[in-house]
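Heads up, the thing below is written out as structure tokens.
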Amino acid sequence: MSRPPTSRDLARLAGVSQATVSRVLTNNPKVNAETRARVLQVLKDANYTPNALARAMKTGRTDTIGVFMTRVTSPFHAELLDEIGRVLSSMGLHMILWNIEHDPEETIAAVVQQRLVDGFLLTSATYDSTLHTMAVTSGTPTVLLHRGIDGLDCDQVVGDNWQGAYDAGQYLVDAGHTDIGLVTLTHTGNTSRDRDLGFRAALADAGVKIKPSNVVSVGVPHADGHAAAEKLLSRKKPPTAIYTVTDLLAFGILDGARAVGARVPDDVWVIGFDNTDMAAWEAFDLTTVEQPVHAIVEAGVDLLRDRITNPDRPTQVVTLPCPLVIRGSTANRR
């Protein structure tokens with residue numbers, strides 16, 4: 001059996017130095033495009049696969065990013081995870097996923113301290129979680145995606161949830177709704193808080209009061225949205241519109257409305273938040289506020305790569321717009 005090619009062999013075949021081959025293998029930006037292409041073609045022709053362990057020992061990097069996530073089967077988190085994997089792969093990086101919903105805190109703490117990866121992407125930061133604190137204090141480059149924490153000295157990329165929720169509230173008020181239901185969550189982080197407070201602010205600015213009986217605080221599952229719809233829409237005088245802070249809850253509300261015979265949008269309008277792929281399905285046709293997943297992930301990965309290269313730079317918080325997407329669950333299409 002012939003031996004695998006060495007970096008010296010590859011350099012000779014490509015007509016470059018071993019140092020240049022090494023720079024190509026480590027994605028060093030100093031290699032010009034023509035030389036990079038020539039070396040990559042030699043690598044392909046030679047069917048060369050670099051030894052990941054040897055490279056990590058030499059460079060101190062694994063080209064692997066650790067992703068911490070919860071509720072990975074929910075529509076939004078599944079799309080977020082898929083986008084993270086796609087963007088990392090396009091940059092020649094690998095992903096290790098930890099589902100923190102099932103791992104005990106001691107296990108997560110051990111993972112954080114072992115420095116198995118070049119950086120962390122945290123997608124489920126909450127006020128009472130110690131994960132983000134452990135990650136930041138470990139010294140491993142860390143970026144919070146989608147869910148931010150006020151005052152945390154850490155790079156963060158989030159959607160403008162407050163403004164997106166405000167726009168949803170303003171849209172309902174402009175359409176003449178004054179009896180409005182709010183299906184919300186217990187605030188465990190900035191995302192749910194801002195999606196609630198922004199909506200309330202829009203109504204307050206328009207002089208519309210939300211009846212306490214029209215506010216239902218629930219858990220995350222579809223079934224909770226279903227139950228909330230049954231509660232709100234079974235009344236003698238139900239609200240004419242319902243806003244909720246996730247698409248998954250909105251799907252439950254739509255199904256709950258059907259269960260009690262309420263027609264959407266004839267009897268009640270429904271607005272969600274996230275603009276998951278399912279929101280566009282004919283069965284839901286949901287008006288919703290878009291969480292810009294693609295832009296959040298791309299900006300977050302860029303920040304993380306920059307943090308790995310420049311660990312001492314100041315932290316950045318990037319906030320991206322969350323536009324309202326009008327569909328058939330509200331009667332007024334734009």
Side-chain angles (χ1 to χ4, degrees), residues 23-30 50 52 55-70 72 76-100 103 108-126 129-161 189-191 291-322:
R23 283 192 284 269
V24 171
L25 289 172
T26 56
N27 288 321
N28 190 309
K30 293 181 179 178
R55 182 175 57 193
M57 291 176 67
K58 183 176 180 179
T59 66
R61 296 184 186 173
T62 63
D63 289 339
T64 302
I65 303 301
V67 178
F68 292 98
M69 186 174 285
T70 187
V72 296
F76 175 78
H77 287 94
E79 291 180 23
L80 179 62
L81 180 59
D82 182 69
E83 187 65 13
I84 291 171
R86 187 194 68 77
V87 171
L88 290 177
S89 179
S90 72
M91 296 179 177
L93 300 172
H94 312 291
M95 174 175 67
I96 297 178
L97 172 67
W98 283 280
N99 185 351
I100 59 176
D103 283 327
I108 297 299
V111 165
V112 169
Q113 296 301 328
Q114 285 170 5
R115 300 297 296 265
L116 300 172
V117 296
D118 296 335
F120 294 127
L121 293 173
L122 276 59
T123 68
S124 303
T126 61
S129 168
T130 58
L131 173 59
H132 52 273
T133 303
M134 288 191 293
V136 172
T137 57
S138 74
T140 300
T142 299
V143 175
L144 270 56
L145 291 184
H146 165 57
R147 288 188 187 175
I149 298 291
D150 291 337
L152 184 66
D153 188 21
C154 174
D155 293 324
Q156 307 181 43
V157 184
V158 296
D160 192 345
N161 294 285
N190 292 6
T191 302
Q291 184 73 317
V293 171
H294 175 74
I296 285 175
V297 172
E298 286 215 324
V301 172
D302 284 345
L303 272 184
L304 185 59
R305 295 177 76 198
D306 186 47
R307 172 66 60 188
I308 292 169
T309 306
N310 304 293
D312 297 323
R313 68 160 172 77
T315 57
Q316 297 181 45
V317 177
V318 178
T319 304
L320 300 171
C322 295

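Everything quoted here is computed from the prediction, not taken from an experiment.
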Euclidean distance, Asn190 CG relative to Gln156 CD, rounded to 0.5 Å: 7.5 Å
Heavy atoms of Arg307 and Pro314 approach each other most closely as NH2-O, 3.4 Å
Under the side chain to side chain donor-acceptor pair (under 3.5 Å) test, residues paired with Asp82 that sit two or more places apart: none
Residues that Gln291 engages under side chain to side chain donor-acceptor pair (under 3.5 Å), provided they are two or more places apart: His146
Any residue meeting side-chain contact (heavy atoms from CB on, under 4.5 Å) with Ile96, in chain and number order, not counting sequence neighbours: Thr64, Trp98, Val117
Interatomic distance, CD1@Ile308 vs CG@Leu93, rounded to 0.5 Å, equals 7.5 Å
Are any of the side-chain heavy atoms of Ile65 and Ile84 separated by less than 4.5 Å? no
Apply side chain to side chain contact (heavy atoms under 4.5 Å, CB included) to the pair Asp155 and Leu304, showing each step before the final yes or no. CA-CA 8 Å; Asp155 293 324; Leu304 185 59; over 6 Å; no
Mind checking the CD-CG spacing from Glu298 to Leu303? Nearest 0.5 Å is all I need. 12.0 Å
Would you say the side chain of Thr191 lies within less than 4.5 Å of the side chain of Val158, judging by non-hydrogen atoms? no
How many angstroms lie between CZ in Arg86 and CE in Met95, if you round to the nearest 0.5 Å? 12.5 Å
Where do Thr315 and Cys154 come nearest, in terms of heavy atoms and distance? CG2-N, 3.7 Å
Give a yes or no on whether Asn310 atom CG has more than 12 heavy-atom contacts from other residues, nucleotides or ligands under 6.0 Å away. yes
Hey, does the side chain of Thr70 reach the backbone of Ser124 with a donor-acceptor pair shorter than 3.5 angstrom? no
So Leu80 and Met69, do their side chains get closer than 4.5 Å, heavy atoms only? yes
Mind checking side chain to side chain donor-acceptor pair (under 3.5 Å) for Arg305 and listing every partner two or more places apart, or none if nothing turns up? none
With sequence neighbours left out, what residues match Asp306 under salt bridge (Lys or Arg N to Asp or Glu O under 4.0 Å)? Arg313
When rounded to the nearest 0.5 Å, the distance separating OG1 of Thr142 from CG of Asp153 is 11.0 Å
Name all residues meeting the side chain to side chain donor-acceptor pair (under 3.5 Å) criterion together with Glu79; count only those two or more places apart in sequence or in a different chain, and write none if there are none. none
Quick check against the 3.5 Å criterion: does Asp160 have a side-chain atom that pairs as donor or acceptor with the backbone of Cys322? no
To the nearest 0.5 Å, how far apart are OG1 in Thr123 and CG in Leu97? 8.5 Å
Test Val301 against Leu121 for side chain to side chain contact (heavy atoms under 4.5 Å, CB included), laying out the working first. CA-CA 8 Å; Val301 172; Leu121 293 173; 4.2 Å; yes
